[in-house]
Every structure is written in structure tokens, then in C-alpha cells.
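As C-alpha cells, the structure follows; a few thoughts come after it.
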Amino acid sequence: MKKIGILFGQENTFPQAFVDRVNQKAVNGITAEFVNIEQVEQAVPCGYDVIIDRISQDVPFYRAYLKNAALTGTAVINNAFWWSADEKFFNNALAVQLGVPVPKTLLLPSKHRPDDTTENSFRNLSLFDWDKAFAHIGFPAFMKPHSGGGWKSVYKVDNPEQAWRAYDETGQLVMLYQEAIEFEDYFRCYCLGGKHVLIMPYEPRNAPHERYQTTMKTEGEAGQKLLDTIKDYTLRLCQGLGYDFNTVEFAVRDGVPIAIDFGNPAPDADVNSVGPENFEWVVEHAALLAIERAQSNRAGRTNLTWGTFVQDSVRAAPKGSPTIGANVQMGQAVRETNDLGATGAPKAAAKKATPKKAAGAFKPEPPTGELSASQQSAAKKAAAPKAAPASAPAKKPAAAKAPAAAKAPAAKKAAPKKGE
């Protein structure tokens with residue numbers, strides 16, 4: 001008997017409908033149920049051939065459980081190794097290489113330094129050029145986390161002052177600065193198994209329960225061409241990333257579909273938000289996908305989906321064993337060292353004359369826990385230019401400031417609507 005499980009959290013309608021649909025199909029030797037977890041031991045199979053994951057993006061324990069399950073042969077949908085590694089900025093960059101249009105996007109250093117870092121941690125980073133960013137991206141624009149979702153910490157900004165104020169609120173988050181797309185049509189597309197696509201007209205500016213209550217604006221031959229292009233782009237993205245169960249959103253500007261959001265570990269599938277007709281399509285195709293993966297599951301091997309990006313990278317890797325002809329040497333034991341060069345280790349027997357140090361060169365001393373004032377001064381002089389993400393905001397260019405008499409409106413958090 002092969003078992004299909006669904007791992008879920010607060011959602012109610014999709015999990016039960018999925019389990020019921022798989023079992024109603026009564027495929028010989030296949031059954032579905034809610035995942036039950038008792039004890040998780042390393043490298044021990046979990047007992048499921050397929051798991052539909054709807055919650056591990058929010059629960060690290062579940063994520064570790066699923067990776068262990070995948071290692072021992074479970075086909076996990078979606079691949080927890082991949083969605084743990086990708087993020088919005090990389091996905092946008094990959095979309096460009098796949099030939100899918102995306103909004104112009106810049107990556108911003110965090111406003112505040114991460115914990116356990118200092119200015120020296122950012123010696124390679126120049127100050128961020130806001131003037132250049134504003135000229136390239138334009139207004140309006142969106143500022144949002146480079147890795148995240150649920151419309152958390154998303155800001156729409158209409159001028160430089162709002163952009164700076166929004167940035168001031170982002171703390172240690174690494175943010176995207178992205179052009180806003182003014183669209184005439186908008187679509188949300190399900191893609192299951194990297195081959196089945198459902199295109200749904202969508203209005204992100206409506207209230208959540210009314211977003212699917214809209215119609216496609218582009219008509220006739222142009223409308224059919226647009227739908228064909230959207231299907232093509234959806235398949236390119238999902239196959240490139242390796243998502244089995246995904247949604248892709250497109251904002252259509254001047255007839256061109258621009259991908260807005262397309263990396264979702266657990267896309268919304270609640271009947272109350274997507275509507276009964278779309279819900280039926282998702283339940284049916286998710287059940288078919290899970291049954292197909294259960295039937296093709298092979299014990300003792302990895303049964304995950306990897307996107308063409310990863311597959312192509314593996315194919316391009318050098319062939320052969322890396323140990324053949326390898327030169328292995330044993331290193332010398334040394335005492336604790338620090339990054340200023342002091343080790344306190346006994347001197348090794350001299351084999352070759354070492355080059356003389358330049359006159360006046362800094363002479364390291366054994367570490368004592370703190371640097372002397374002279375050492376601190378020397379280290380600071382040797383350091384590269386200061387990092388950008390200091391606690392103080394980047395200096396505002398005078399040309400971009402609002403007139404003194406007019407007070408710029410405060411940066412506003414974007415309402416829960418899409419199209420950025």
C-alpha cells in the first residue's frame with residue numbers, strides 16, 4: 001500500500017477535499033490521509049510515499065521533518081530543499097534568463113547591520129546611490145523583503161521622501177526596490193506538475209473575497225495571443241524553478257504580461273478565496289499529481305522535483321570522481337589564531353628564507369582578549385571604506401528633497417493587493 005499525506009496548518013477546505021478526492025478515485029494500492037508525526041529520527045523513513053506540504057514555510061520543525069523524509073524516498077510537494085534556498089531576487093534574475101519579463105528590481109542592503117557584525121563586516125560595500133536608484137526605477141515603486149510573502153513589510157512609495165521613510169522602518173530586512181506596474185489586465189495562474197495551467201482573471205485592488213470577480217479586458221485575437229503567452233511564461237517559470245504546486249501572477253502592461261509573483265511553497269487554495277470553480281480544478285489536479293507521484297515513487301532513491309536551473313547546473317559539473325589524483329596533506333597543529341595574524345604557535349623549522357617585512361609594518365602580538373589602542377588605530381587605517389548599511393540612513397540628495405514649505409506624506413504600507 002502506498003500512502004499519500006497532506007501536511008497543513010490553519011487552512012480547512014483544501015486538505016479535507018484533497019484527501020477525499022484521492023480516496024474517491026480508489027486507485028488500487030493508494031490511499032490518502034492527514035500526515036501524522038510521532039517521532040522523527042535521522043535517516044528513518046516516515047512511511048509516506050508522497051507528502052503535499054502546505055505549512056512548513058512557517059514551521060521549521062516540519063521543514064526538517066520533510067527534508068529527512070525526502071532523503072529516505074518521500075516525494076515532497078513542493079521540494080523543501082529548493083524553496084528554502086530560493087528567494088524573490090534570485091527568482092527575478094532567473095526569470096530574465098528564462099525570457100520572462102519582470103519589473104526592474106534592485107537589491108538594497110539592510111538599513112541596520114545584522115547581529116554580530118560591525119562596520120568591518122561591510123568593507124566591500126559602497127554607499128547606496130539613491131539618486132541612481134530613483135532614476136532607474138522611477139515612481140511609483142514598491143519596497144518589499146527580498147525573501148518573504150503575505151504582504152508583510154511591503155511599501156508603495158511615490159517620491160524620494162517616502163522611499164527613505166519606508167527604508168528607515170525595515171531594520172535588518174534585506175529589501176527589493178522595484179518598479180510598480182500600471183496594468184490594464186491582471187491574471188493569477190495555477191500550475192501543477194509543471195504541465196497543467198489554469199489562468200484566472202484577477203483584480204488585486206479589490207477586497208480579498210472579490211479579487212476573482214472580474215473579467216479579462218483584452219479581447220479577440222489579441223486576447224488569445226495574450227493567454228498563450230501567459231501559459232508559456234508560466235510553464236517556463238515553474239519548470240525552471242522546479243515548483244510542482246505553484247501560482248504565478250502577471251500584470252499586463254501595453255499587452256505584455258510581466259511576472260510579479262511566482263515562487264510560492266504553499267499557494268492559496270481555499271474555496272472561500274479562489275471560488276468553487278477554481279477550487280474544483282485545484283483539488284482534481286492536485287489529486288491526480290499526488291497519485292501519479294505515488295505510482296512512480298521508487299524506494300531508495302530521491303523522488304523530488306528539481307527545476308531545469310538545478311538540472312542544467314548538475315549536467316555542467318565536471319565528470320569523474322574528485323578524489324582521483326587528489327593530493328592530500330596533513331596540516332600542522334597550531335594554537336588559536338586571530339584575524340590580525342597573531343597565533344602564539346611555535347615557529348616552524350625554516351626551509352626557505354622568508355621575505356623581509358616592510359619597514360614600519362604592523363607587528364602582531366599574541367591575542368589577549370582586547371586590542372591595544374595602537375593596534376585598533378592600525379586596524380582601522382587598514383580597513384576599506386565604511387559599509388553602507390549603518391544605523392544612520394543614507395544621506396538624502398539635496399536635489400531629491402521636497403520643498404521646505406511642503407511636508408511630504410508619510411510612507412504608507414501597501415494595502416493587501418498585488419501588481420507591484
With rounding to the nearest 0.5 Å, note down the distance linking [atom1] in [X] to [atom2] in [Y].
| X | Y | atom1 | atom2 | result |
| --- | --- | --- | --- | --- |
| Ser110 | Phe122 | OG | CZ | 5.5 Å |
| Asn92 | Leu176 | CG | CG | 7.0 Å |
| His196 | Cys189 | NE2 | SG | 15.5 Å |
| Trp164 | Met143 | CH2 | CE | 11.0 Å |
| Ile52 | Leu7 | CD1 | CG | 10.5 Å |
| Tyr167 | Tyr177 | OH | OH | 12.5 Å |

Would you tell me whether [X] and [Y] have side-chain atoms, one donor and one acceptor, within less than 3.5 Å of each other?
| X | Y | answer |
| --- | --- | --- |
| Asn264 | Gln57 | no |
| Asn79 | Thr305 | no |
| Gln178 | Thr105 | yes |
| Glu87 | Asn91 | no |
| Asp20 | Gln16 | yes |
| Tyr155 | Glu169 | yes |
| Tyr202 | Asp185 | no |

Name the orientation class of the two ring planes belonging to [X] and [Y] (parallel below 30°, tilted from 30 to 60°, perpendicular beyond 60°).
| X | Y | result |
| --- | --- | --- |
| Phe134 | Phe139 | tilted |
| Phe309 | Trp82 | tilted |
| Tyr233 | Phe250 | tilted |

Report yes if some heavy atom in the side chain of [X] is under 4.5 Å from a heavy atom in the side chain of [Y]; otherwise report no.
| X | Y | result |
| --- | --- | --- |
| Met216 | Ile199 | no |
| Pro103 | Phe142 | no |
| Val76 | Tyr65 | no |
| Asn327 | Gln329 | yes |
| Trp130 | Leu108 | yes |
| Lys67 | Ser84 | yes |
| Phe89 | Pro145 | no |
| Leu241 | Phe262 | yes |

Q.
Can you tell me which residue among Asn303, Asp49, Ile51, Asp244 is in a side-chain contact (heavy atoms from CB on, under 4.5 Å) with Arg293?
A. Asp244

Near [X] [atom1], under 6.0 Å, is it more than 12 heavy atoms from other residues, nucleotides or ligands?
| X | atom1 | answer |
| --- | --- | --- |
| Lys132 | NZ | no |
| Glu33 | CD | yes |
| Lys104 | NZ | yes |
| Lys231 | NZ | no |
| Phe14 | CZ | yes |
| Glu210 | CD | yes |

List the atom of [X], the atom of [Y], and the distance in Å for their closest heavy-atom pair.
| X | Y | result |
| --- | --- | --- |
| Gln295 | Val27 | NE2-CG1, 3.6 Å |
| Leu173 | Ser153 | CD1-OG, 3.7 Å |
| Thr74 | Cys46 | OG1-SG, 3.4 Å |
| Gly240 | Thr308 | CA-OG1, 3.1 Å |
| Ala80 | Leu66 | CB-CB, 4.4 Å |
| Ala133 | Leu106 | CB-CD1, 3.7 Å |

Q. Does NZ or CZ of Arg63 lie under 6.0 Å from the centre of the six-membered ring of Phe61, at an angle within 45° of the ring axis?
A. no

Q) Are Arg54 and Phe18 in a cation-pi setup, meaning NZ or CZ lies under 6.0 angstrom from the ring centre and within 45 degrees of the ring axis? A)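 No, Arg54 and Phe18 do not form such a contact.
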
Tell me if a side-chain donor or acceptor on [X] pairs with a main-chain N or O of [Y] at a distance below 3.5 Å.
| X | Y | result |
| --- | --- | --- |
| Gln239 | Gly194 | yes |
| Thr302 | Leu304 | no |
| Thr72 | Asn68 | yes |
| Lys2 | Asn297 | yes |
| Asn78 | Pro265 | yes |

Q: Step by step, work out the side-chain contact (heavy atoms from CB on, under 4.5 Å) result for Leu192 and Trp281.
A: CA-CA 10 Å; Leu192 273 75; Trp281 187 95; 3.8 Å; yes

Q: Report the C-alpha distance between Ile77 and Asp53 in whole Å, list the side-chain angles of each, state the deciding distance to 0.1 Å, and finish with yes or no for side-chain contact (heavy atoms from CB on, under 4.5 Å).
A: CA-CA 6 Å; Ile77 300 172; Asp53 172 27; over 6 Å; no

Q: Apply side chain to side chain donor-acceptor pair (under 3.5 Å) to the pair Glu249 and Tyr186, showing each step before the final yes or no.
A: CA-CA 7 Å; Glu249 295 185 14; Tyr186 199 100; 2.6 Å; yes

Closer than 4.0 angstrom, basic N to acidic O: yes or no for [X] and [Y]?
| X | Y | value |
| --- | --- | --- |
| Asp261 | Arg188 | no |
| Arg315 | Asp312 | yes |
| Arg253 | Glu184 | no |
| Arg205 | Glu182 | no |
| Arg21 | Glu280 | yes |
| Lys25 | Glu284 | yes |

Q: Kindly indicate, with the supporting measurements, whether the criterion side-chain contact (heavy atoms from CB on, under 4.5 Å) is fulfilled by Met200 and Tyr190.
A: CA-CA 8 Å; Met200 304 169 288; Tyr190 278 109; 3.4 Å; yes

Q. Hey, do the aromatic rings of Tyr243 and Trp83 have their centres closer than 6.0 Å?
A. no

Q.
What verdict does the side chain to side chain donor-acceptor pair (under 3.5 Å) test give for Gln172 and Asp115, after you've listed the backbone C-alpha separation in whole Å, the side-chain angles of each residue and the deciding distance to 0.1 Å?
A. CA-CA 9 Å; Gln172 295 182 0; Asp115 294 338; 3.0 Å; yes

Q | Trace of the side-chain contact (heavy atoms from CB on, under 4.5 Å) decision for Thr247 with Asp268 | A | CA-CA 8 Å; Thr247 52; Asp268 179 22; over 6 Å; no

